[in-house]
Amino acid sequence: MTPFYRFAARGAIIPFLKMVSRQKVAGLENIPREGGFIAVANHLTDLDSLTAMRALVDADVPVYSLAKSTLFKVPVLGSILRAGGQIPVQRGTQNAATALKAASEVLADGGAIMIFPEGTLSRDPLKWPMVAKTGAARLAMTSGVPVLPMGQWGAHEILDTYGRSFHPFPRKDVRVTIGELMDLSRFGSDTQDREAVRACTAEIMRAITSLVEELRGEKAPRPFDMHYDGDPGKGRIGVRRPDPLPEADTQEDGQ
């Protein structure tokens, strides 16, 4: 982490978060103190990247995020991201693979990468983690580094999911729980093996969802799936379809 980025985090970002939230972090003992790792978390609001980063920076762990390229064009914020060596992701282009290559280099040097596996703010109307994209799993499989799951809850009450409403006061409780480090080496390193990639992705999301369940004190329903439930469109919350029938019931109905 460059001195400028550390200054920006401690001198601007964290003071802002302290002004609008009371953040409580559990599981700090699970953060590895040496060697590269991938931190993964659920994603409900644009503030999530800041609250997750704060949990690690407060523990004096430099972290580099994969952030959508448009954020690098935002005045001041873009300068902070570039100065901190954060990695732009150009979604939907051939250059998206470049971001994973840059992330792999950070991990090889013993750094930490932050990824939100869902790839966008959750479209689930119930605000649970949804079915994720495969980028985090692919990076974990190719790099061989462990994955650190994180669950977050509360930041969406400050800045709505896909909303324009900003509610800084009174200060909101933001809770972050850091889970145990995950060794995903059993899924191998072949990212051409689609079944292995999907299984690895599901394992990552199960760990994140379990932490969110602890924070919310309730059991999560099946993950919202834009392939099954439908894609509501950019910047919109989805609508859940009825849960699919178990395979056995479907077979019986067809007899």
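Between the side chain of Y162 and the main chain of L121, a donor-acceptor pair closer than 3.5 Å is present. The backbone N or O of V176 lies less than 3.5 Å from no partner atom in the side chain of Q23, so there is not a single donor-acceptor pair. The backbone N or O of T191 lies less than 3.5 Å from a partner atom in the side chain of R138, making a donor-acceptor pair. A distance-only check finds a donor-acceptor pair linking the side chain of T51 to the backbone of D48 [under 3.5 Å]. A side-chain donor-acceptor contact under 3.5 Å links T161 to the backbone of L44.
Atom CG in L47 sits 11.0 Å away from atom NZ in K172 (nearest 0.5 Å). To the nearest 0.5 angstrom, Y228 atom OH is 10.5 Å from R240 atom CZ. Here K24 contributes atom NZ and D173 contributes atom CG; the two are 5.5 Å apart, rounded to the nearest 0.5 Å. Atom-to-atom distance recorded for R171:CZ and K18:NZ is 10.0 Å, nearest 0.5 angstrom.
Heavy-atom minimum distance, T201 versus K133: CG2-O, 3.5 Å. Residue A52 comes nearest to M114 through the heavy atom pair CB-CE, 3.6 Å, listed as atom of the first residue, atom of the second, then distance.
Side chains of S122 and D124: no donor on one and acceptor on the other come within 3.5 Å.
A salt bridge (charged side-chain N to carboxylate O under 4.0 Å, His left out) check over residues 220-235, counting only residues at least two apart or in different chains, returns the pairs R123-D231, R222-D229, R222-D243.
By the 6.0 Å contact criterion, CZ on R186 is enclosed, its count of non-hydrogen atoms from other residues, nucleotides or ligands being greater than 12.
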